[in-house]
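Remember, predicted model here, so these are calculated numbers, not experimental data. Chain naming here is simple, since letters A, B, ... match the order of the sequence lines and numbering starts at 1 in each.
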Number of protein chains: 2
Amino acid sequence: MSVATVSRALRGLPNVAESTRSRVLEVATRLRYEPDPAAARLAAGRTHTVIVVVPHLASWYFSTVIAGAEAVCNESGYEFLVVGVGNIAECDRLLDEQYRIERRTDGVVLVNIVATDAQAQSLRERGVALSTVGTRAAGCPSVFIDDVEVGRLAAETLAGLGHRRIGLISGLGEDPLNFDVPKRRLAGFTIGLREFGLSLDATLVVGGNFGIDGGAEAMAHLLDLGEPPTAVFAMSDEMAFGALMEMSRRGLRPGVDVSVLGVDDHEVARVLSLTTIRQHVASQGAAAARSLIAVMASTPVSLEPVISPIELVIRATTGPPA
Amino acid sequence: MSVATVSRALRGLPNVAESTRSRVLEVATRLRYEPDPAAARLAAGRTHTVIVVVPHLASWYFSTVIAGAEAVCNESGYEFLVVGVGNIAECDRLLDEQYRIERRTDGVVLVNIVATDAQAQSLRERGVALSTVGTRAAGCPSVFIDDVEVGRLAAETLAGLGHRRIGLISGLGEDPLNFDVPKRRLAGFTIGLREFGLSLDATLVVGGNFGIDGGAEAMAHLLDLGEPPTAVFAMSDEMAFGALMEMSRRGLRPGVDVSVLGVDDHEVARVLSLTTIRQHVASQGAAAARSLIAVMASTPVSLEPVISPIELVIRATTGPPA
DNA sequence: CGGCGTGTTGTAAGCGCTTACACTCGTGCC
DNA sequence: GGCACGAGTGTAAGCGCTTACAACACGCCG
């Protein structure tokens with residue numbers, strides 16, 4: 001039996017007699033034979049590897065996306081490589097000088113990283129499939145939530161409770177990556193306010209950098225204002241945690257003295273009884289991985305973005321103004 | 001100029017004239033040439049890849065270890081592959097049928113996964129370097145905390161405050177992997193109790209499965225006892241979070257009605273003012289990656305385990321008994 | 001002045017696969 | 001009965017590197 005026949009049999013290609021194939025399979029399992037991935041890659045040009053690119057690895061959101069994607073890749077027999085790009089320079093270096101990507105992977109999942117059309121195009125030309133979560137990129141499947149609706153729903157929720165001065169802890173400004181989520185949530189927030197006859201007060205908008213400390217500092221800033229807000233919308237639960245921390249430091253009661261609303265439904269949110277707008281992070285990661293695998297397999301894939309559902313989870317940190 | 005010379009020049013091997021090397025380097029950067037990793041692997045047998053194996057990807061502890069390790073690998077030019085093994089069967093399959101590992105990687109970091117001596121031995125024979133965090137394996141560098149001391153310190157802290165009935169929310173029992181950390185912490189806890197003339201009360205020991213819900217259920221169980229404990233040591237902050245959640249559900253005040261002590265110093269611990277025994281998780285991941293890289297480079301490495309420091313962080317969830 | 005060591009470069013044989021192409025051989029058909 | 005055909009199999013040429021070994025130039029010593 002020639003190596004060619006074995007190769008064909010093992011990979012399920014046609015033009016192999018069933019009897020031959022089963023014989024090959026039997027011997028292969030008996031010998032615990034496993035083809036060398038590097039040799040296969042070299043000969044066939046496919047790496048059977050996906051790379052997931054995230055800004056930070058340690059934050060809840062990203063590690064949860066990663067977990068969702070990893071499970072799918074693992075199951076589908078793809079190697080799962082993760083690279084963290086701390087800042088925009090590193091990110092652009094990765095996407096521009098594509099040597100880190102080309103020939104190392106068949107596809108990349110971009111998590112909350114915006115690739116320019118040129119970068120996306122260039123990747124596609126080099127035969128690298130693309131898929132994004134949190135943002136969209138040209139000509140590839142993507143999954144994200146309706147961030148405008150998130151902002152609108154937040155405003156509706158707080159204004160609907162009767163709040164008129166609503167603070168906003170955003171991620172805008174200090175963000176190291178071209179991250180446009182905060183902008184969309186802000187836009188929706190403004191729309192939502194307008195529905196209640198309110199308008200955005202720029203003095204009540206503070207950057208929180210999507211972290212606990214950032215959230216705490218932002219909250220401190222808001223509470224130090226001459227006329228502090230009676231409610232605060234934090235664009236992520238982690239920033240909301242920081243806000244709550246600052247409040248407890250000052251002896252303020254969440255949902256009574258000041259209402260706080262987050263986004264994500266971080267697993268600790270329920271511990272803090274945080275009212276939040278839930279999104280399904282792991283399933284977004286999984287969906288992105290699935291689309292990517294479909295693209296790599298040349299399965300026809302809808303390029304229509306998948307809008308992952310959100311839902312308001314009311315807990316104890318929101319209430320009518322004092 | 002021959003390919004051999006170029007190869008040697010690019011990889012910094014000796015026996016290349018300086019003039020030649022600089023000329024090669026100059027041309028290589030101008031042409032943005034980057035060697036094909038698969039071809040290099042096939043020819044040289046080294047993959048320049050490390051695999052990190054973790055039980056779950058999404059939990060704070062593991063994602064933080066991963067973050068620490070990733071940063072080091074990225075910096076050192078190693079590809080960073082992560083695989084999650086949900087249960088012990090999957091884990092053993094990975095470590096026994098080593099085809100997923102051999103020829104795919106030069107080294108693996110085992111995070112809180114115990115490999116048998118045979119498994120470790122077999123990996124070494126196949127030229128795969130090993131390094132562990134959280135546990136130790138035969139003949140490879142490892143980094144972990146002194147879990148016995150963690151348990152002892154916990155008992156000392158709570159008993160020192162005057163508590164005599166101290167509950168323990170452990171990870172024991174339900175654990176899907178061969179995880180021996182809970183056993184060591186339990187042993188230390190017992191030692192610590194003894195220093196105060198106390199002994200372990202088995203009815204006050206409940207499994208919490210290292211998660212928030214597990215912690216909450218365990219706490220509920222403890223509080224439902226005829227004579228509930230006045231203090232509780234949770235073997236992880238996430239279980240402590242669950243315990244706090246259960247307490248707030250019942251209107252109990254942490255540190256006043258019941259004291260709670262955790263382990264880790266999870267980033268949310270300070271939000272909840274949780275008293276905890278801090279460990280430096282990211283730096284353990286980084287240390288393990290560094291040792292692994294050293295082993296792969298055949299740098300002499302101490303096989304003496306690195307004991308990562310711990311420290312008691314006193315916040316508000318602990319106090320004298322009511 | 002020939003042999004020899006040293007430092008540099010070239011040659012070529014793989015590494016373990018994939019795949020285009022050639023080949024064989026039994027069918028069905030005119 | 002010869003022929004086209006297609007299914008099944010084999011042959012061999014790479015894929016892009018690494019590395020043992022050969023080759024060469026050069027200066028040195030005996």
For this session: Please work out which residues in residues 36-48 of chain B have a non-hydrogen atom less than 4.0 Å from an atom of DNA chain D and list them by number.
Result: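 Contacts with DNA chain D under 4.0 Å: B/Asp36, B/Ala39, B/Ala40, B/Ala43, B/Ala44.
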Counting side-chain heavy atoms from C-beta on, which of [options] comes nearest to [X]?
| X | options | value |
| --- | --- | --- |
| B/Tyr33 | D/dC17, D/dT11, C/dG10 | D/dC17 |
| A/Pro35 | C/dC17, D/dG8, C/dT8 | C/dC17 |
| A/Val3 | D/dG8, C/dT18, C/dT9 | C/dT18 |

Measure from [atom1] on [X] to [atom2] on [N] and round the result to the nearest Å.
| X | N | atom1 | atom2 | answer |
| --- | --- | --- | --- | --- |
| A/Leu13 | C/dT19 | CG | P | 7 Å |
| B/Arg8 | C/dG7 | CZ | C1' | 11 Å |
| B/Glu18 | C/dT9 | CD | P | 10 Å |

For this session: Assess whether one donor atom and one acceptor atom, taken from the side chain of B/Arg103 and the base of C/dG16, lie less than 3.5 Å apart.
Result: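 Absent.
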For this session: Kindly say if B/Thr20 contacts the phosphate of C/dT9, meaning a side-chain N or O under 4.0 Å from OP1 or OP2.
Result: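 Yes, such a contact exists.
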Considering residues, nucleotides and ligands other than [X], do more than 12 of their heavy atoms fall under 6.0 Å from its [atom1]?
| X | atom1 | result |
| --- | --- | --- |
| A/Glu304 | CD | no |
| A/Arg136 | CZ | no |
| B/Arg126 | CZ | yes |
| B/Glu97 | CD | yes |

For this session: State plainly whether the residues B/Asp36 and A/Arg41 are in salt-bridge range, i.e. N to O under 4.0 Å.
Result: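 Salt bridge present between B/Asp36 and A/Arg41.
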Exercise. Does the side chain of B/Ser308 pick up a donor-acceptor pair with the side chain of B/Gln279 at under 3.5 Å?
Worked result: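 No donor-acceptor contact under 3.5 Å links the two side chains.
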Exercise. How would you label the contact of A/Ala4 with the nucleic acid (heavy atoms, under 4.0 Å): base, sugar-phosphate, or nothing?
Worked result: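 Base contact.
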